[in-house]
Amino acid sequence: MKGMIPHLPDLIPFLIQALNSKKALVRSITCWTLSRYTQWVMQQPHDQCLQPLMSALLRKILDANKRVQKAACSAFATLEEDARTELVPYLPFILDTLVYAFKKYQTNNLLLLYDAIGTLADAVGSHLNKAEYIELLMPPLIEKWNALLDDDKGLFPLLECLSSVATALQAGFIPYAQPVFARCKILVERNLQQESAHRMNPGAVEEPDKDFMVVAIDLMSSVVEGLGADIGGLLDSFNDMIPLLLQCMRDIQPEVRQSSFALLGDLTKACFNLIQPHIAEVMPLLSENLVPELISVCNNATWAIGEIAMKMGASIEPYVPLFLQQLIEIVNRSNIPKTLMENTAITLGRVGFVCPAAVSPHLHQFIRPWCTSLRNIRDNEEKDSAFRGVCAMINMNPVGILADFIFFCDAIASWSSPKQDLKEMFYMILMGFKNQVGDQSWAKFVSQFPHLLKERLENHYGIISSSQNIMADQQQQQSQMSRPEQMN
């Protein structure tokens with residue numbers, strides 16, 4: 001790629017012009033070639049590169065040749081991933097084209113059209129939630145949704161597309177939420193019924209395709225995430241929703257459990273009152289799935305535990321022994337995916353926030369990997385609650401962090417702008433440690449900090465400069481004591 005960069009200012013316009021070739025194969029290959037350089041395109045002035053490329057690809061999406069349609073859709077999806085919210089000013093033009101493509105595309109290319117729409121929704125997010133965009137986009141999607149039978153595998157890409165759209169539209173999806181949610185529930189129920197019948201009579205009943213369950217649960221999860229608290233009224237009409245979810249959480253297929261735990265976490269955030277009566281069943285199931293070899297299952301189960309902890313507060317304490325040691329073992333593992341490590345650390349912090357007495361005695365077992373993991377994530381609410389938990393645990397068991405206090409200092413310094421009360425918690429812990437060890441020991445301790453860490457702690461908490469002065473005084477005194485007396 002680096003070797004091509006000097007030539008791209010001439011090459012990209014040439015390739016865009018080649019999209020007008022009379023030969024369909026040339027147009028198709030050119031779409032693919034252009035998709036290799038979308039990252040470079042986004043670094044250039046939009047009027048010179050993005051706008052001409054976007055317009056050209058959208059025209060090719062409506063090409064008469066199916067192969068070109070396919071290549072253009074795929075290339076445009078790649079552009080969407082790189083451009084993200086930079087596409088917002090062009091949404092009317094983009095949506096007009098994608099919606100018109102529904103009239104031209106046959107079954108195979110519809111799959112790529114769904115992908116392009118779903119990727120667009122992921123890219124622009126809530127910017128899609130405008131009445132004029134919803135009125136344009138949703139009718140053709142719902143028309144396809146109604147036309148497909150429950151056992152049609154063409155539902156898979158449509159359900160995935162709708163998952164992205166539902167998340168992006170948020171409250172704008174409310175008019176479509178009830179029928180979509182109801183059908184997803186039916187798809188899950190029928191799959192479970194078919195599985196039960198297959199077990200009873202495997203020769204007569206075919207084994208169900210669990211992919212139908214997975215995509216249906218994922219779409220329900222997206223609807224819940226998008227609607228948030230607004231989902232509560234909708235779910236009042238689905239009395240057996242949680243027992244059905246519990247059944248999915250016990251499924252033998254890891255993919256089904258993975259999606260089920262994601263839905264559980266979203267429901268916990270949006271309407272915990274539905275989950276709370278079933279906590280005695282939920283918590284053992286989550287604990288049983290803290291198996292890091294099944295990365296995505298373990299990740300979602302861990303995340304759900306953290307969300308439940310934030311809703312239950314101290315009342316989760318009876319369940320803490322079910323999962324605490326497993327979380328500690330996971331966070332201490334080497335070579336586990338970054339997301340799983342971060343989610344585990346956040347959940348440990350959150351459980352410690354609501355039950356510090358139960359978790360703080362174990363602080364020394366996980367504080368170092370906890371700090372090194374969360375120092376790398378951006379400021380957000382999950383990080384905030386996790387750090388509040390660790391502060392509460394340190395206040396209860398300060399000895400548990402002594403051996404690794406430098407890692408905690410480094411983690412504190414990773415914050416760009418903590419909330420004022422959290423910042424005060426950090427300051428009190430730093431000052432408490434400094435006062436406990438004394439000025440001279442503190443000065444020696446901070447002298448081993450990297451320069452950037454010293455600078456950040458000084459700028460935010462003002463605890464370094466005095467220590468540096470003490471060290472300088474000590475060094476001067478030592479120098480004077482070791483200097484030989486001059487002879488008269």
Side-chain angles (χ1 to χ4, degrees), residues 16 19 31 34-35 38 41-42 46-47 49-66 68-148 154-155 157-177 179-180 219 222-223 225-227:
I16 291 174
L19 289 174
C31 287
L34 282 164
S35 72
T38 53
V41 165
M42 293 312 302
H46 289 355
D47 60 338
C49 285
L50 174 60
Q51 292 175 14
L53 175 60
M54 179 182 62
S55 299
L57 288 176
L58 287 172
R59 286 195 300 271
K60 294 306 107 182
I61 283 174
L62 302 180
D63 197 281
N65 184 276
K66 292 180 181 179
V68 178
Q69 293 173 2
K70 182 177 181 180
C73 263
S74 180
F76 192 74
T78 302
L79 178 62
E80 290 170 334
E81 289 175 346
D82 290 327
R84 303 202 62 80
T85 54
E86 299 292 325
L87 294 177
V88 171
Y90 314 107
L91 276 174
F93 180 36
I94 295 170
L95 290 172
D96 279 338
T97 303
L98 297 180
V99 168
Y100 188 79
F102 275 106
K103 301 174 183 177
K104 296 176 66 77
Y105 280 26
Q106 302 297 316
T107 302
N108 288 338
N109 281 1
L110 272 175
L111 309 185
L112 287 161
L113 182 59
Y114 293 145
D115 180 61
I117 292 171
T119 305
L120 178 67
D122 292 336
V124 302
S126 59
H127 294 284
L128 202 58
N129 185 16
K130 287 188 176 181
E132 59 269 31
Y133 299 158
I134 296 171
E135 291 169 6
L136 192 62
L137 180 61
M138 288 307 298
L141 288 175
I142 295 300
E143 182 181 347
K144 296 294 182 184
W145 166 267
N146 291 330
L148 291 170
L155 270 177
L158 178 55
L159 286 166
E160 290 171 350
C161 172
L162 283 170
S163 292
S164 297
V165 170
T167 302
L169 294 188
Q170 299 176 353
F173 198 78
I174 287 176
Y176 313 96
V180 167
L219 179 49
S222 294
V223 172
E225 181 186 359
L227 268 60

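Excluded from the calculations below are hydrogen atoms, water molecules and symmetry mates; all remaining heavy atoms, backbone and side chain alike, are included.
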Checking side-chain hydrogen bond (donor to acceptor under 3.5 Å, both in side chains) for the pair N129/Q170: CA distance, chi angles, key distance, verdict? CA-CA 7 Å; N129 185 16; Q170 299 176 353; 4.7 Å; no

Using a 4.5 Å cut-off on heavy atoms from C-beta on, say whether the side chain of L79 contacts that of L50. yes

Enter the distance from L148:CG to L155:CG here, rounded to the nearest 0.5 Å. 5.0 Å

Taking all atoms of both residues into account, what is the closest heavy-atom pair of N65 and D63, and its distance? N-OD1, 2.8 Å

4.5 Å side-chain heavy-atom contact, I94 and M54: yes

Calculate, to the nearest 0.5 Å, the distance between atoms CD1 and OG belonging to I16 and S55 respectively. 9.0 Å

When L141 is tested against each of E143, K144, M138 for side chain to side chain contact (heavy atoms under 4.5 Å, CB included), which residue passes? M138

If you define the side chain from C-beta out and look only at heavy atoms, does anything of Y90 sit under 4.5 Å from Q51? yes

Measure the spacing between OG1 of T119 and CG of L87 and express it to the nearest 0.5 Å. 11.0 Å

All heavy atoms of I134 vs all of L128, minimum pair found to be CG1-O, 4.1 Å

Pairwise distance CZ(R84) to NE2(H127) - rounded to 0.5 angstrom: 10.5 Å

Nearest heavy-atom neighbours spanning L19 and K60: O-NZ, 3.4 Å

Does the side chain of L57 come within less than 4.5 Å of C31's, by heavy atoms? yes

Minimum heavy-atom separation for C73 and A116, please, with both atom names. O-CB, 4.4 Å

Is any side-chain heavy atom of L169 closer than 4.5 Å to a side-chain heavy atom of Y133? no

Take atom NZ in K66; do more than 12 heavy atoms of anything else shown fall under 6.0 Å from it? no

I want to check something: taking the side chain as every heavy atom from C-beta on, are L91 and L120 in contact at a cut-off of under 4.5 Å? yes

Identify the two heavy atoms, one from S164 and one from G118, that lie closest to each other, and give their separation to 0.1 Å. CB-O, 3.4 Å

Ignoring hydrogens, what is the shortest heavy-atom contact between A168 and G125? Give both atom names and the distance. CB-O, 3.3 Å

Over 12 foreign heavy atoms within 6.0 Å of CZ, F93: yes

T38 side-chain N/O to L34 backbone N/O, donor-acceptor pair under 3.5 Å: no

Does the pair I117 and F102 meet the rule for a side chain to side chain contact (heavy atoms under 4.5 Å, CB included), with working shown? CA-CA 11 Å; I117 292 171; F102 275 106; 3.6 Å; yes

Spacing of CZ belonging to R59 relative to CD1 belonging to I61, to within rounding of 0.5 Å: 11.5 Å

E160 and Y114, any side-chain heavy atoms less than 4.5 Å apart: no

Quick one: does S74's side chain have a donor or acceptor within less than 3.5 Å of a partner on K70's backbone? no

Value for CG (L158) from CH2 (W145), rounded to nearest 0.5 Å, stands at 7.0 Å

Do the non-hydrogen side-chain atoms of F173 and V180 ever get within less than 4.5 Å of each other? yes

